[in-house]
Amino acid sequence: MRSLVYDIEFRARAKRVQAWGFGLLSAAALLWVWFGVLLLAPYDVDGRYGSSDCESRFFTERSTANEGAANGTKCAAERDWPELLGVLGLSVPLSLVGAVLYTSGSVSNRMSEHLAEVTRLNEAAAA
């Protein structure tokens with residue numbers, strides 16, 4: 001009977017690790033969505049003389065998104081690349097740790113189920 005209690009606790013720990021992995025992967029996915037919004041969405045810049053509409057960093061009608069810096073607009077400085085890369089860089093460790101935890105929890109749970117089934121089949125064959 002003790003092995004059954006241990007197996008139930010082992011599966012509960014494996015499910016908990018798997019849930020942590022899923023949570024971290026979800027957080028990384030939210031960071032990717034935030035990165036996409038920052039990269040693809042147009043935005044407004046409030047200045048001293050009113051607000052101005054700025055194009056997204058990815059889709060521009062002119063040659064570069066930074067062309068406005070030469071004309072004196074604030075669009076180029078408002079949505080900077082280090083912020084975008086920071087969001088992207090933060091998602092990488094979350095993705096890696098989340099994938100490792102999710103995989104580890106899934107494999108542990110599956111191996112526990114497999115061992116329980118093999119044990120049940122061996123006992124049925126012996127009887």
Side-chain angles (χ1 to χ4, degrees):
M1 258 329 195
R2 288 185 189 167
S3 64
L4 179 61
V5 172
Y6 176 77
D7 187 48
I8 290 172
E9 290 175 4
F10 182 83
R11 288 185 193 190
R13 281 192 309 269
K15 293 276 187 189
R16 209 168 25 250
V17 167
Q18 188 178 17
W20 270 100
F22 183 76
L24 289 175
L25 285 172
S26 298
L30 287 175
L31 286 173
W32 271 93
V33 168
W34 185 21
F35 173 77
V37 166
L38 288 175
L39 185 65
L40 301 175
Y43 55 98
D44 295 333
V45 176
D46 292 329
R48 200 179 330 174
Y49 304 109
S51 66
S52 61
D53 295 331
C54 300
E55 297 177 24
S56 71
R57 280 295 204 187
F58 195 70
F59 300 115
T60 58
E61 293 176 7
R62 294 180 296 277
S63 59
T64 66
N66 291 327
E67 186 175 288
N71 300 335
T73 64
K74 289 186 166 184
C75 290
E78 190 64 29
R79 181 121 344 142
D80 212 3
W81 283 108
E83 179 188 359
L84 292 170
L85 295 177
V87 170
L88 188 63
L90 184 60
S91 72
V92 172
L94 288 177
S95 299
L96 289 174
V97 173
V100 167
L101 287 177
Y102 187 82
T103 303
S104 172
S106 297
V107 168
S108 296
N109 191 38
R110 186 72 178 131
M111 291 302 293
S112 178
E113 291 173 356
H114 175 72
L115 181 62
E117 186 64 23
V118 167
T119 303
R120 187 190 67 77
L121 290 173
N122 285 340
E123 288 175 355

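When a residue number appears, it is its place in the shown sequence, counting from 1.
Put simply, CD on E83 and CZ on F35 are 11.0 Å apart, with the number rounded to the nearest 0.5 Å. One finds the CZ atom of R16 at 9.5 Å from the CD atom of E9 (value rounded to the nearest 0.5 Å). With rounding to the nearest 0.5 Å, the separation of CZ in R11 from CZ in R110 is 10.0 Å. How far CG of L85 is from CG of L38: 11.0 Å, rounded to the nearest 0.5 Å.
A single hydrophobic cluster is not seen to contain both W32 and L96; linkage of ILVMFWY side chains at heavy-atom distances under 4.5 Å, directly or through other members, places them apart. Grouping the Ile, Leu, Val, Met, Phe, Trp and Tyr side chains by contacts below 4.5 angstrom, directly or via other members, places V87 apart from V92.
Atom CZ of R13 is surrounded by more than 12 heavy atoms from other residues, nucleotides or ligands within 6.0 Å.
With hydrogens and angles disregarded, a donor-acceptor distance shorter than 3.5 Å links the side chain of S91 to the backbone of L88. For the pair S106 (side chain) and Y102 (backbone), a donor-acceptor distance under 3.5 Å is present. Without hydrogens or angle criteria, S26 side chain to F22 main chain gives a donor-acceptor distance under 3.5 Å.
Scanning all heavy atoms of the two residues, the minimum distance from A99 to L25 falls at N-CD2, 3.8 Å. What you find for L24 and L101 is that their closest heavy atoms are CD1-CD1, 3.9 Å. Scanning all heavy atoms of the two residues, the minimum distance from A28 to L94 falls at CB-CB, 4.0 Å. Among all heavy-atom pairs drawn from L39 and L84, the shortest one is N-CD2, 3.9 Å. Of all the heavy atoms in V17 and G105, the pair that sits closest is CG1-N, 4.0 Å. Counting all heavy atoms, side chain and backbone alike, F10 lies closest to S108 at CE2-O, 3.5 Å.
A salt bridge between E123 and R120 is absent, with no side-chain N of the basic residue lying under 4.0 Å from a carboxylate O of the acidic one.
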